Visitor: 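Sharing a structure here in structure tokens format.
Since this is a predicted model, take the numbers as computed values, not measurements. Numbers restart at 1 for each chain; the letters A, B, ... are given by sequence-line order, proteins then strands.
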Amino acid sequence: MKKYFIHRPAASFRVDYEKDLNPEQHAAVLHNAGPALVLAGAGAGKTRVVTYRVARLAESGVMPENILLLTFTNKAAREMMRRAEQLIGRNIAGLHGGTFHHIANLLLRQHYRLAGYKQGFSILDREDSRELFDACIAEVYKKDSVLPRGAVLAEINSLAKNTEEELGSVVTLRFPHFAEAADAICRIASLYEKKKIDLNLMDFDDLLVQWKKVFEENENIREYYSLKFKYILVDEYQDTNRLQADIIDLTARGHGNLMAVGDDAQSIYSFRGADFENILRFPQRYPEAAVYKLTTNYRSTPEILTLANRIISHNKNQFSKELHAVRQPGDRPGLVPLRDVFEEAEYVASMVMDMNSDGTAFDEISILYRSHYQSMQTQMEFQRRGIPFEIRSGLKFFEQAHIKDILSFLRIIVNPYDEISWKRILKLTRGIGNITASRIWDLLRVSNTPLDALAGASSLVPRKAVEGFNRFLELIGSLRDERYLSSPSAAIDYALRHGYEDHLYTTYPNAEMRIEDIEQMTRFALRYDSLETFLSDLALQGVAEAESGDAEAPEGKVVLSTVHQAKGLEWGTVFIIGMNDGRFPSAKSLRTDDEEEERRLFYVAATRAKEALFLCYPVSAEDWNNLGLLRPSRFIKELQPDSFEEITVEDV
DNA sequence: CTCAGCCTTCTTTTT
DNA sequence: GAAGGCTGAG
């Protein structure tokens, strides 16, 4: 096995690794070459190790373009690259850092032919792929078949892809209630796969599947990238699935300079195929791998850490590990029973107000919950009291209808075979619904140049829709202008001003807000000179994160977030709301035997807190989920009572 | 037959 | 607060 050892250059180091790192971290950062596994407990300086590792490589003479940093979110990638740059005091442009999907996209824009695709393929988000599945169901079966909906089929299919299991066995094993429909599901899924090729569409999974396929079928390409990425770092390795692990192995094959960083206790993505066996089996897959453990927690007070350790100790399936605190003692975590969700929201809001007037910045506080819907009352209460906050869950900016509409106009310009986008924008015209849109699409699909064929569709349009359709024709005609291919901003503005604006005013009461959103997108799009790049970046979600980063208020905002999205972050004070059975752990996880993963999720939530942690649970429900009484979470009941301070809230 | 609007249902997590 | 189903209007 060929290796690339690092040679210390003549120039002296600017970074003082001895001083900045503890011995555990130091050992991992100075790892020389070959495979390494870094088991990093929560708050043990994992990001620090990765960034110092990147800096160390760069300082040792490794070219930035020879480093690949795979992360779980774009934000994590940016953050790590920023900190590494800061550390070595120079630009490390050329370093490839991003999510698996992001890197896959870059790769496949080059090698789409090898994957059997045409230029300018579109990327389907979840809603798109659900719609395409629905279309496939409709094509194969007429009404009344007892079949899962497109959304469910998309999920099943995705799971099969990511775990690399046969679709049929995923259905029988993981979705036994659809076992009888397994054959039908497989038929629909193969139609779905065929359609994507025909329509030049890739869903999120295809990006990974095709990456692997291109590497497996083209050894020269694989070798090229393997040589290019001589040093590979993977963050959050515990959340990789089979497919991703294979991709990493393929890319690292030959040099084996792979550093996998992660924490099995924080594996929380099994619902999309993550398999924390990947991290457990890493030493077997790479027998010569060095293993480093980070067990010193710098983030939390001993009280919070004790609670966290107790939480995770109830899981059987894990590496046993001991995290020790180095911070000074603080308060025990608070346990707060509340009458109902409204009182819960009031309690959290008034605590936030109090803390803020005592000098705590809003951005040092976060409210975490299991599911987005649990944030509603808190949102309203914060709104009422004028507490600045930022929501990091629920519909993303670009998942909203008006954003998707506008993007669909752009997508058909880049990829005229995009059935989903065609139907979406066709139906915007009053008088054109599902049926007419399908008929028009049937005409377009058989044409080599769908954009030219559109004019011929006029005869299919009902009389009352003719006028609107003519305006639509004009708009599409103008958007085809070549200059829009290189100016997404101008294209968006054109579509907005020549028809879409009117549609918004007639359809939505809050049209102004939506127009503002689109105008904001116009400004953002100025950074791009390629429609294709703009669209794929947007589909891969890099944008919303960048946007929210820009709009940071000076005194900060309280963050309302799902636990999943809070991973890797920290705050001085954390409130976890809705600590009830059926909410956290979620009802579904209790039915499907995923209790251990839920407990890891709870562990992730608790370890976000630096100084103060409050666990809140309402005792009665007055909303639609009305079981009357709500029980406190089993995750609370299983803990020793001395883990918390019980806090009683008087009636207001 | 096609479309739009009202009504009910049901809330997990994400690239 | 969204999305699918049902119903009535055209």
Visitor: Does the distance from a Lys or Arg side-chain N to an Asp or Glu carboxylate O, for K567(A) and E236(A), drop under 4.0 Å?
Guide: yes
Visitor: Is the ring centre of Y117(A) less than 6.0 Å from the ring centre of Y112(A)?
Guide: no
Visitor: Starting from C1' on dT13(B), measure out to CG on N241(A) and report it in whole angstrom.
Guide: 15 Å
Visitor: Using the six-membered base ring of dT13(B), report whether F271(A) stacks on it, requiring centroids under 5.5 Å and planes under 30° apart.
Guide: yes
Visitor: At 4.0 Å (heavy atoms only), tell me whether I432(A) reaches a base, stays on the sugar-phosphate, or touches nothing.
Guide: sugar-phosphate
Visitor: Take atom CD of E236(A) and atom P of dT13(B), then tell me their distance rounded to the nearest Å.
Guide: 19 Å
Visitor: Reading DNA chain B from 5' onward, which residue's closest nucleotide shows up sooner: R439(A) or T99(A)?
Guide: R439(A)
Visitor: What integer number of Å spans the P atoms of dT14(B) and dA3(C)?
Guide: 16 Å
Visitor: N434(A) has an atom CG; how far is it from atom C1' of dG5(B), in whole Å?
Guide: 15 Å
Visitor: With a 4.0 Å cutoff (strictly under), does any side-chain N or O of T562(A) reach OP1 or OP2 of dT12(B)?
Guide: no
Visitor: Rounded to the nearest angstrom, tell me the gap between atom NZ in K427(A) and atom C1' in dG5(B).
Guide: 16 Å
Visitor: Using whole Å, report how far CG of D203(A) lies from P of dT14(B).
Guide: 18 Å
Visitor: Send over the distance from E155(A) CD to dT15(B) C1', rounded to a whole Å.
Guide: 14 Å
Visitor: Considering only atom C1', compute the distance from dG4(C) to dT13(B) and round it to an integer number of Å.
Guide: 23 Å
Visitor: Which comes earlier along DNA chain C counting from the 5' end, the contact point of Q379(A) or that of D134(A), where each point is its nearest nucleotide?
Guide: Q379(A)
Visitor: Verify the contact: side-chain N or O of Q565(A) to OP1 or OP2 of dT14(B), cut-off strictly under 4.0 Å; return yes or no.
Guide: yes
Visitor: Given dT13(B), is OP1 or OP2 found less than 4.0 Å from the side-chain N or O atoms of R600(A)?
Guide: no
Visitor: For the pair made of OH in Y269(A) and P in dT15(B), what is the distance, rounded to whole Å?
Guide: 6 Å
Visitor: Counting only side-chain heavy atoms from C-beta out, which of dT13(B), dG5(B), dT2(B) sits nearest to I435(A)?
Guide: dT2(B)
Visitor: Does the cation-pi check pass for R583(A) over Y617(A), that is, NZ or CZ under 6.0 Å from the six-membered ring centre and within 45° of its axis?
Guide: no
Visitor: With a 3.5 Å cut-off and heavy atoms only, can you find an N or O donor on one side and an acceptor on the other between the side chain of R126(A) and the base of dT14(B)?
Guide: yes
Visitor: Looking at I425(A), I420(A), D125(A), which hits side-chain contact (heavy atoms from CB on, under 4.5 Å) with K404(A)?
Guide: D125(A)
Visitor: Does a nitrogen or oxygen in the side chain of R130(A) sit under 4.0 Å from OP1 or OP2 of dG4(C)?
Guide: yes
Visitor: Validate the cation-pi geometry between R272(A) and Y269(A): distance from NZ or CZ to the six-membered ring centre under 6.0 Å, angle to the ring axis within 45°.
Guide: yes
Visitor: When you measure from the centre of the six-membered ring of F276(A), is the NZ or CZ of R600(A) under 6.0 Å away and within 45° of the axis?
Guide: yes
Visitor: Between P on dG1(C) and NE2 on H372(A), what's the gap in Å once rounded to a whole number?
Guide: 8 Å
Visitor: If you assign each of E127(A) and K464(A) to its closest nucleotide in DNA chain C, which residue comes earlier from the 5' end?
Guide: E127(A)
